[in-house]
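Below: one structure, written as C-alpha cells.
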Protein chains: 2
Amino acid sequence: MKKKITIKEIAKILMVSVSTVSKAMNDSPEISEKTKKKVKELAKFYGYTPNHIAVSLKNQSTFNIGVIIPDIQNSFLAEVLKNIEITAKTKGYRIITFFTGEKSKEEKESLKILANGMAEGIIMCPSEETFVLKEFEHIKNIAETTSLVTFDRLHEELNYNSVSVDDDQSILKACAHFQETQAKNILFVSSIGWLSVGKTRRKTFNSFIENHTNIDGEVIEEHEMDDLRKKIEERITNKELPKIDAILGADIESTLIANAAISKTSLKYIDEISLIGYVNKRHNELQYPQISYINQFPEKVGEKAVELLINSLKDDSSKIKKEVIKTEIVVKDTSK
Amino acid sequence: MKKKITIKEIAKILMVSVSTVSKAMNDSPEISEKTKKKVKELAKFYGYTPNHIAVSLKNQSTFNIGVIIPDIQNSFLAEVLKNIEITAKTKGYRIITFFTGEKSKEEKESLKILANGMAEGIIMCPSEETFVLKEFEHIKNIAETTSLVTFDRLHEELNYNSVSVDDDQSILKACAHFQETQAKNILFVSSIGWLSVGKTRRKTFNSFIENHTNIDGEVIEEHEMDDLRKKIEERITNKELPKIDAILGADIESTLIANAAISKTSLKYIDEISLIGYVNKRHNELQYPQISYINQFPEKVGEKAVELLINSLKDDSSKIKKEVIKTEIVVKDTSK
DNA sequence: CTGAAAGCGCTTACAG
DNA sequence: CTGAAAGCGCTTACAG
C-alpha cells in the first residue's frame with residue numbers, strides 16, 4: 001500500500017515552503033494563482049488530502065458532533081439518529097456515532113473519546129445500565145468541559161439540555177382513547193418492566209385506572225417473549241375472567257406479540273378487541289392490519305437535539321432548555 | 001464551561017516537565033512511584049484525560065475502524081453493523097460509523113475523513129448511487145493508501161477484500177424449495193427492481209424459471225408500496241389467470257407487502273399459497289404467522305469483515321480474500 | 001529518575 | 001507573493 005503523502009513532501013517536490021503549500025491548498029489570497037495551480041495539480045496527482053487529525057488538532061475544532069446511541073436495533077433510536085444526521089449536515093456538522101449496547105462501560109469509553117478532541121459537542125441517550133446503577137458521574141464529568149444534550153431518557157441528576165417525549169401523556173391519551181370508545185377492561189402488556197421507561201409507563205397506566213372507576217385494568221409484564229405471548233393468549237381467550245376489550249402495548253415488542261396473539265386467536269379487531277402500542281413506523285405501514293400507535297416523532301427529537309447542541313456551542317452561557325415533544329395517537333386498523 | 005486541562009498545565013502546577021507528566025500518566029517504568037502518584041492524583045482532580053486527537057497524531061495510530069453504512073433503517077445492515085462493533089471490540093478496536101443515505105457524495109466525504117487519519121482501515125457497503133453512476137474512483141483512490149473491506153454489494157471494479165452473501169443461491173434455493181413442495185406458478189415480487197441487488201435477484205429468478213419447464217413464474221416489480229400491494233392483491237385473487245401458489249419476496253418491504261396482501265385476501269398459507277422472502281429477523285419472530293425467510297447471517301458478515309480488515313492491517317501484502325457467506329432458507333409458518 | 005528536544009501534519013501571524 | 005517560526009497536545013529517544 002502506498003504511504004499517504006504529506007504537505008511536507010509536496011513542498012519538497014515543488015521546492016517551495018510548507019506554508020506556501022498549505023496556503024495554496026486552502027485558497028489563501030496571499031498566494032499567486034500560478035503557485036496555487038501548481039500545488040493543486042501535484043496534490044491531485046498524488047491524491048493528497050489534508051490529514052483531518054492534524055487539522056483538527058491545529059484548529060482546535062472538528063465540526064464533528066458525537067452521538068451516543070444505546071441500541072442500533074431500536075427503531076425509535078435509529079430514526080432519531082437518522083434525523084440527527086440530516087439536521088447536523090444542514091448546519092455544516094458531521095456526526096460520529098458510537099453504540100453502547102446499553103452498557104455503562106461502553107458509554108464511558110465513548111464519552112471520553114468524543115470529549116477528548118474528537119467532537120465539539122455530544123448528543124446522547126444514556127444507557128439503561130447507567131439508570132440501573134444510578135451512576136451519572138461519568139456524564140457529569142464530561143459535561144463540565146463539553147456541550148451535552150441528552151435525549152429520550154431523563155433523570156433529575158442529568159440537568160442539561162434535553163429533548164424528551166411526553167411519555168406519560170401518550171399512555172394517558174391511549175387510555176382516554178380506549179375509554180371514549182367504550183372499553184371496559186384494558187390489558188397493559190410490557191416486555192420492558194425492568195427498564196425505567198417501562199416502569200414509568202406502567203405506573204402511568206395504573207394511575208389512570210385508579211382515577212377512572214368506570215374502567216378496569218390489568219397488567220402482564222414478562223421479559224421472555226414466548227412466555228409473554230402465552231400469557232396474553234391465555235388471558236384474552238379466558239371466558240371465565242372479565243373480557244379484555246383493549247390492549248395497550250408498552251413497547252414495540254409487546255405490541256407485536258399482542259398483535260400476533262390476537263391474530264392467532266382469531267379475535268376480530270375493533271368488534272372484539274382493540275390494540276394501541278408502539279411500533280416501527282416503517283414496518284407498520286407495510287403490515288395488514290396496521291396497528292394503531294403512539295407516534296413519538298423521532299424526526300422532531302433528532303432535529304431539536306441538534307439545534308439545542310449547536311446553540312449551546314455558539315453561546316456557552318445560554319440557559320438550559322428542556323424540550324418535550326408531544327406524542328400523538330395515530331389510529332389505524334386496530335382501534336376505533 | 002471549564003476549559004479542558006492539558007499536560008502542559010499539569011506540569012506547570014506540579015513544577016515538573018511535560019515529559020514526566022506524560023510518562024507518569026502512561027505508567028512508564030522510567031518514573032518513580034511517588035511522582036506517578038502525585039501526577040495521577042492531580043490529573044484525577046482536574047479531570048484530565050489525554051487528548052485523543054493529539055495522541056493519534058503523535059502515534060500515527062488510532063485503533064479506530066471506520067464503518068460506512070448506506071442506510072441505518074435497513075435491518076440487515078443494522079445487524080451487520082452491530083456485529084462489526086462486537087467483533088471489533090474483542091480485537092481491541094473501536095468503530096466510527098458514518099451513514100451515507102445511499103448517496104455517493106456522502107460516501108466520498110466519509111471515506112475522505114476516515115482515511116485521513118481518523119481510522120486505520122475501513123469497512124464499507126458501497127452506496128446504491130455509486131453503483132448506479134458506476135463511479136468507483138473515490139473508493140479506488142482511498143484503497144491505495146488505506147486498508148479496505150467491502151461487504152454485501154460487489155462489483156468487479158472493486159477488487160478488495162470483501163464479504164458477501166451467495167444471493168443467487170438463496171433465490172435458487174427458495175425456488176427449488178417451492179418446486180419440491182409442488183408449486184406450479186411462482187410470483188416474484190420486488191420493490192427494489194431499480195437496485196443492483198434487485199436486478200440480480202430478478203435475473204436469477206427468471207433463469208430458474210427458464211431452466212425448469214414444470215414450473216411457471218411471474219414478476220411484479222413496483223417501487224411505490226401502495227401500487228405494489230394493489231397489484232399483488234389483484235393478481236392473487238384473479239381467478240381467470242393461472243393460480244399463484246407461491247410468492248418469493250425480493251426484499252423486506254415486498255415480503256411484508258405480500259404477507260399483508262395474503263392476510264387481507266384471507267388466503268390460507270401452505271394450503272392455498274406459500275411465501276418466502278427477506279425479513280427483519282427480530283420482528284419476524286414476534287409476528288404471527290412467522291414468514292419463512294432467507295437467512296443472510298448478518299452476524300457472520302460482520303465478523304468476517306472485521307477479521308479480513310484486521311488481517312490486512314497486520315499484513316499489508318496479504319492476498320485479497322473474497323468471502324462468501326452461505327444463505328439458508330428458514331422454514332416458518334408460511335411455507336411447507 | 002527527570003527533562004530538553006524533536007516531531008506527528010497541519011495552520012497562521014509575522015517578517016521580508 | 002513567499003517563507004521561517006511557533007504552536008495545537010501529545011510521545012519518546014536521548015542525555016544527564
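Every chain is numbered from 1, with letters handed out A, B, ... down the list of sequences. Being a predicted model, the structure only gives us computed values, none of them experimental.
In the region residues 13-36 of chain A, proximity to DNA chain D at under 4.0 angstrom, judged on heavy atoms, holds for A:Val16, A:Ser17, A:Ser19, A:Thr20, A:Lys23, A:Glu30, A:Ile31, A:Ser32, A:Thr35. Interface residues of residues 38-65 of chain B facing DNA chain C, ordered by number: B:Leu57, B:Lys58, B:Gln60; criterion, heavy-atom separation under 4.0 Å.
Partners of B:Phe76 by ring pair (Phe, Tyr, Trp, His ring centres under 6.0 Å), not counting sequence neighbours: none found. Under the ring pair (Phe, Tyr, Trp, His ring centres under 6.0 Å) criterion, B:Phe131 pairs with B:Phe136, sequence neighbours left out. With sequence neighbours left out, the side chain to side chain contact (heavy atoms under 4.5 Å, CB included) criterion links A:Lys38 to A:Leu14, A:Val16. Here B:Glu41 pairs with nothing under the side-chain hydrogen bond (donor to acceptor under 3.5 Å, both in side chains) rule; sequence neighbours left out. For A:Glu144, the side chain to side chain contact (heavy atoms under 4.5 Å, CB included) criterion is met by B:Lys2, not counting sequence neighbours. Not counting sequence neighbours, the partners of B:Glu303 by the side chain to side chain contact (heavy atoms under 4.5 Å, CB included) test are B:Thr87, B:Glu307.
For the P atoms, the distance linking D:dG7 with C:dA4 amounts to 16 Å, nearest Å.
In 5' to 3' order, the nucleotides of DNA chain D bounding all contacts with chain A (an atom under 4.0 Å from a heavy atom) are D:dC1 to D:dG9.
Formation of a donor-acceptor pair under 3.5 Å by the B:Glu79 side chain with backbone atoms of B:Pro298 is not found in this model. In this structure, the side chain of B:Glu102 engages the main chain of B:Glu128 through a donor-acceptor pair within 3.5 Å. Listed for the B:Ser22 side chain is no donor-acceptor partner under 3.5 Å among the backbone atoms of B:Val18. When atom types are taken as modelled, the side chain of B:Thr146 and the backbone of B:Ala143 share no donor-acceptor pair closer than 3.5 angstrom.
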Encoded 5' to 3' (Watson-Crick or G-U under 3.5 Å; [ ] crossing; | other strand), DNA chain D becomes |||.||||||||.|||
Only pairs under 3.5 Å count here: list side-chain donor-acceptor contacts from residues 115-122 of chain B, not counting sequence neighbours, and write none if there are none.
{"unit_1": "B:Asn116", "atom_1": "OD1", "unit_2": "A:Thr49", "atom_2": "OG1", "d": "2.8"}
{"unit_1": "B:Asn116", "atom_1": "ND2", "unit_2": "A:Thr49", "atom_2": "OG1", "d": "2.9"}
{"unit_1": "B:Asn116", "atom_1": "ND2", "unit_2": "B:Lys112", "atom_2": "O", "d": "2.7"}
{"unit_1": "B:Glu120", "atom_1": "OE2", "unit_2": "B:Thr62", "atom_2": "N", "d": "2.5"}
{"unit_1": "B:Glu120", "atom_1": "OE2", "unit_2": "B:Thr62", "atom_2": "OG1", "d": "3.4"}
{"unit_1": "B:Glu120", "atom_1": "OE2", "unit_2": "B:Phe63", "atom_2": "N", "d": "2.6"}

Counting only pairs under 3.5 Å, give me each side-chain donor-acceptor contact of residues 157-165 of chain B, with atom names and distances, residues two or more places apart or in other chains.
{"unit_1": "B:Glu157", "atom_1": "OE1", "unit_2": "B:Lys140", "atom_2": "NZ", "d": "2.6"}
{"unit_1": "B:Asn161", "atom_1": "OD1", "unit_2": "B:Lys321", "atom_2": "N", "d": "2.7"}

